Peer 1: 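This is the structure I have questions about; it appears just below.
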Amino acid sequence: MESLGNWRRSAYCGGVSKDLIGGEVTLMGWVQKRRDHGGLIFVDLRDREGLVQVVFNPSAGADVHLKAHGLRSEYVIAIKGAVSKRPEGTENPSLKTGGVEVLAGELKVLSDAEVPPFMIEDECDAGEDVRLKYRYLDLRRPALQKNLRLRHRVCQGARDYLSGDGFIEMETPMLTKSTPEGARDFLVPSRLNAGHFYALPQSPQLFKQILMVAGFDRYFLIVRCFRDEDLRSDRQPEFTQIDLEMSFVDTSDVMAVAEGLLARMFKEALGVELKTPFARLTHDEAVGRYGLDKPDVRFALELRDVTDIVKGSGFKVFADVASKGGVVKALNAKECAAFTRKELDEMTELAAIFGGKGLAWVKVTEEGWQSPIAKFLTDGERKRIDAAVDAAPGDLILFSADKKEVVNAVLGRIRVKLGKRLGLIPKDSMSFVWVTDFPLFEYDETEKRYVAMHHPFTSPMDEDAGKLESAPLEVRSKAYDIVLNGEEIGGGSIRIHDQKVQSKVFGLLGMGTEEARAKFGFLLDALSFGTPPHGGIALGLDRILAIMTRSESIRDVIAFPKTQKAFCPMSEAPSEVDKKQLDELSLRVVKKG
RNA sequence: GGGGCCGUAGUUAAGUCGGUUAUAACGCUGGCCUGUCAAGCCAGAGGGCGCGGGUUCGAGUCCCGUCGGCCCCGCCA
């Protein structure tokens with residue numbers, strides 16, 4: 001290995017252009033590929049800006065040529081040489097620098113390299129476990145470099161936009177207080193307070209509200225959040241939010257800022273102009289028509305309620321469900337009457353995953369219904385159903401009958417599946433939709449109490465506030481989610497700024513006065529000292545980037561993600577710690593047995 | 001906590017009904033080669049099938065357990 005000495009890079013490999021022809025350059029980078037012809041040796045040299053071909057010609061220096069013979073993939077080298085137009089017929093149009101090459105005059109091997117466990121190229125087919133173990137090699141791949149540099153630009157755009165709109169970037173604690181509600185906390189033991197723990201923030205929620213109390217008026221943060229829950233392709237234990245909060249505003253103000261912010265981020269990232277304002281659906285509409293509170297509105301295929309049509313029918317399954325307060329809904333899979341038994345079974349299996357006990361189907365033909373349930377329904381009922389779902393010969397109607405929540409979940413997911421399978425989703429479409437008017441509370445059957453649908457600090461709608469005690473489940477909230485292509489990419493709300501209302505909500509959530517004081521006393525205190533009406537939103541940066549980059553998983557837009565077991569194969573975190581460390585923290589590990 | 005798919009050279013994969021010495025491609029090593037860029041040609045090395053049991057004359061193939069990866073349900077205000 002050689003030292004850099006007084007050599008300094010004069011250009012990036014990917015930046016060697018025709019303009020430099022005739023000049024000398026000093027390049028530094030990684031050996032992508034060596035093609036040794038015995039005489040001529042070609043080396044593709046790579047840095048973050050791209051590749052350039054370096055030519056080692058024995059006639060230009062026998063010793064340098066000999067040295068180049070020993071180069072291997074991923075060696076880090078520096079070369080000095082002349083930029084030259086490539087000889088006629090040897091240009092490589094698939095390379096940005098394919099019209100030129102660098103004739104090496106001097107070579108330094110700055111670092112040699114082991115044979116990498118997988119090849120550093122975009123079409124890398126190595127498994128994700130190997131790639132995560134050697135993440136530094138994986139990150140050398142142009143695809144990941146591109147994703148992470150996009151991440152930088154998007155963040156930069158967000159900072160610019162928000163700073164320009166009067167938002168102040170602040171900092172909130174990472175060592176904070178564990179609070180009930182919400183996700184499981186990551187805990188950090190306190191050495192100076194034996195037996196006491198900090199929690200890593202699930203979001204800066206309370207602190208940003210308190211900054212509003214403190215009069216900062218507009219705050220933002222691009223901030224890491226932590227939730228100790230099971231992972232998914234769109235969920236990591238630590239993830240990044242673009243978090244903002246504003247004072248003296250109502251829902252429409254926050255939504256307008258979020259739209260402007262997203263428009264700026266997409267302009268920055270993809271060069272596309274988003275049309276604002278975005279479409280809006282109430283929670284009721286979203287769930288009713290699409291089955292989910294994160295509707296993919298890129299295609300229709302909407303759910304239709306046929307409960308009224310079948311409630312008095314001879315089909316016992318439907319009639320029973322209807323009489324017990326359940327619903328029967330239908331989905332018209334246009335032109336899918338040719339579905340095989342196997343395909344129908346797959347749909348039923350999918351329904352089962354989401355709690356559906358079955359899935360009735362009807363193939364609509366010129367002669368009428370072909371279906372196991374046809375004989376249970378009258379001609380009139382069948383006609384009314386046909387009309388309800390706009391059925392035409394060749395269509396396939398799928399039914400789910402159950403409790404409302406189950407029917408919506410089942411048909412909502414089947415709708416998405418069908419949308420993909422039938423190619424109903426327009427490529428390159430970015431369909432944003434706001435979902436508003438969420439219920440303030442849900443009833444949790446296992447805990448036997450109300451739980452906040454968004455979070456406990458969400459303000460009820462002014463016109464519903466009177467129903468807080470009389471009919472909590474009918475109270476709608478000032479919460480809003482932003483959904484992109486069927487994925488939730490953000491959510492927020494106008495907060496409660498009245499201490500009395502906040503106390504009342506805590507009470508409805510089953511928290512006694514004392515408990516509320518113990519858990520959220522600081523918030524209640526703060527609210528009592530003059531609080532502006534305020535609200536905000538948090539955008540899921542990783543998810544947005546995954547959509548922008550068409551990544552299957554947010555792991556592809558995070559430099560150092562974790563596996564599904566929340567393990568980092570590179571650093572091997574989490575790990576056991578020394579007994580001494582545990583002693584200092586007054587901790588003892590209890591093996592589960 | 002649960003369901004599904006998957007663990008075979010460095011990597012990606014094949015391996016039939018259980019049957020000689022476990023295949024291939026890429027990569028790697030050596031040699032030849034002055035216009036390649038998926039370089040080419042020749043030669044070669046490299047694994048005992050995630051791990052532990054079991055069944056069997058015989059297990060990469062079957063069974064049980066376990067570990068790990070991915071997808072999903074629950075969970076994620």
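Source: prediction; values computed, not measured.
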Peer 1: Could you give the distance separating rG30(B) and rG69(B) at their C1' atoms, to the nearest angstrom?
Peer 2: 37 Å

Peer 1: If you take all heavy atoms of D36(A) and G38(A), which pair is closest and at what distance?
Peer 2: OD1-N, 2.8 Å

Peer 1: Between L292(A) and V416(A), does the side-chain contact (heavy atoms from CB on, under 4.5 Å) criterion hold? Intermediate values first, please.
Peer 2: CA-CA 10 Å; L292(A) 308 172; V416(A) 171; 4.1 Å; yes

Peer 1: Calculate the interatomic distance between Q32(A) atom CD and rG27(B) atom P; express it in whole Å.
Peer 2: 12 Å

Peer 1: Provide the closest heavy-atom pair for M246(A) versus M212(A) in the form atom of the first, atom of the second, distance.
Peer 2: C-SD, 3.8 Å

Peer 1: Any idea which of rC73(B), rG35(B), rG74(B) is nearest the F354(A) side chain?
Peer 2: rC73(B)

Peer 1: So which heavy atom on F239(A) is nearest to which on Q236(A), and how close?
Peer 2: CD2-O, 3.6 Å

Peer 1: S233(A) side chain: which of rC73(B), rC71(B), rU34(B) is closest?
Peer 2: rC71(B)

Peer 1: Side-chain polar contacts of residues 111-127 of chain A - donor-acceptor pairs under 3.5 angstrom, sequence neighbours left out - could you list them?
Peer 2:
unit_1, atom_1, unit_2, atom_2, d
D122(A), OD1, A143(A), N, 2.7

Peer 1: If you measure from the C1' atom in rA45(B) to the same atom in rC33(B), how many Å do you get, rounded?
Peer 2: 23 Å

Peer 1: Does the distance from a Lys or Arg side-chain N to an Asp or Glu carboxylate O, for R35(A) and D44(A), drop under 4.0 Å?
Peer 2: yes

Peer 1: Tell me whether the count of non-hydrogen atoms from other residues, nucleotides or ligands lying under 6.0 Å of NZ in K467(A) goes above 12.
Peer 2: yes

Peer 1: Ignoring hydrogens, what is the shortest heavy-atom contact between F354(A) and V406(A)? Give both atom names and the distance.
Peer 2: O-CG1, 4.3 Å

Peer 1: Base, sugar-phosphate, or nothing: which does E552(A) touch, judged by heavy atoms less than 4.0 Å apart?
Peer 2: nothing

Peer 1: Please report the distance separating the P of rU20(B) from the corresponding atom of rG35(B), rounded so that it comes out in whole Å.
Peer 2: 48 Å

Peer 1: Can you tell me the pairing partner of rC17(B) across any strand shown, Watson-Crick or G-U wobble, with both distances under 3.5 angstrom?
Peer 2: none

Peer 1: Each nucleotide N or O in nucleotides 22-24 of chain B that has a protein N or O under 3.5 Å away: list the pair and distance.
Peer 2:
none

Peer 1: Counting only heavy atoms and a strict 4.0 angstrom limit, can you tell me which residues of residues 558-565 of chain A come near RNA chain B?
Peer 2: T563(A), Q564(A), K565(A)

Peer 1: May I ask you to verify if any side-chain N or O of K33(A) is less than 4.0 angstrom from the OP1 or OP2 atom of rG27(B)?
Peer 2: yes

Peer 1: Nearest of rC75(B), rC28(B), rC37(B) to any side-chain atom of D230(A)?
Peer 2: rC75(B)

Peer 1: Using a heavy-atom distance cut-off of less than 4.0 Å, which residues of residues 81-94 of chain A contact RNA chain B?
Peer 2: R86(A), P87(A), T90(A), E91(A), N92(A)

Peer 1: Going by purine N1 to pyrimidine N3 plus the second Watson-Crick contact, or the G-U wobble pair, all under 3.5 Å, which nucleotide sits opposite rC70(B)?
Peer 2: rG4(B)

Peer 1: Counting heavy atoms not belonging to W30(A), are there more than 12 under 6.0 Å from its CH2?
Peer 2: no

Peer 1: Please give the nucleotide sitting opposite rU56(B) as a Watson-Crick or G-U wobble pair, both distances under 3.5 Å, or none.
Peer 2: none

Peer 1: Is the shortest side-chain heavy-atom distance between M28(A) and V76(A) below 4.5 Å?
Peer 2: no

Peer 1: Report the nucleotide, chosen from rU34(B), rC71(B), rC75(B), that has the shortest atom-to-atom distance to any side-chain atom of R555(A).
Peer 2: rC71(B)

Peer 1: Could you please name the partner base of rC28(B), counting Watson-Crick and G-U wobble pairs only when both distances are under 3.5 Å?
Peer 2: rG44(B)

Peer 1: Do we see H37(A) stacking on the base of rA39(B), given a limit of 5.5 Å between centres and 30° between planes?
Peer 2: yes

Peer 1: Need one value for P569(A): base, sugar-phosphate or nothing, where a base atom within 4.0 Å counts as base even if backbone is also close, heavy atoms only.
Peer 2: nothing

Peer 1: Now, which nucleotide makes the Watson-Crick or G-U wobble pair with rC75(B), with each of the two distances under 3.5 Å?
Peer 2: none

Peer 1: Name the atoms and distances for all side-chain donor-acceptor pairs under 3.5 Å in residues 509-518 of chain A, with sequence neighbours left out.
Peer 2:
unit_1, atom_1, unit_2, atom_2, d
R517(A), NH2, D525(A), OD1, 2.8
R517(A), NH2, D525(A), OD2, 3.2

Peer 1: Backbone N or O of P295(A) within a donor-acceptor pair of the R415(A) side chain at under 3.5 Å?
Peer 2: no

Peer 1: Would you mind building the protein contact string for nucleotides 3-13 of chain B? One character per nucleotide, 5' to 3', B for base within reach (heavy atoms under 4.0 Å), S for sugar-phosphate only, - for untouched.
Peer 2: -------SSS-

Peer 1: Quick check: any donor-acceptor pair below 3.5 Å linking the side-chain of R227(A) to the base of rC76(B)?
Peer 2: no

Peer 1: More than 12 non-hydrogen atoms from neighbouring residues, nucleotides or ligands closer than 6.0 Å to CZ on F226(A), yes or no?
Peer 2: yes

Peer 1: Both R413(A) and L40(A) contact RNA chain B. Taking the nearest nucleotide for each, which residue is further toward the 5' end?
Peer 2: L40(A)

Peer 1: With the 90 degree cut-off around zero defining syn, does rG48(B) come out syn or anti?
Peer 2: syn

Peer 1: Starting from the 5' end of RNA chain B, give me the residue, E181(A) or I353(A), whose nearest nucleotide shows up first.
Peer 2: I353(A)

Peer 1: State which of rC71(B), rC75(B), rG30(B) makes the closest approach to the side chain of R72(A).
Peer 2: rG30(B)

Peer 1: Check this one for me: any side-chain N or O of R232(A) less than 4.0 Å away from OP1 or OP2 of rC75(B)?
Peer 2: no

Peer 1: Measuring only between side-chain heavy atoms, which start at C-beta, is R495(A) closer than 4.5 Å to K208(A)?
Peer 2: yes

Peer 1: Checking all strands, does D228(A) fall into the base, sugar-phosphate, or nothing category for heavy-atom contacts under 4.0 angstrom?
Peer 2: nothing

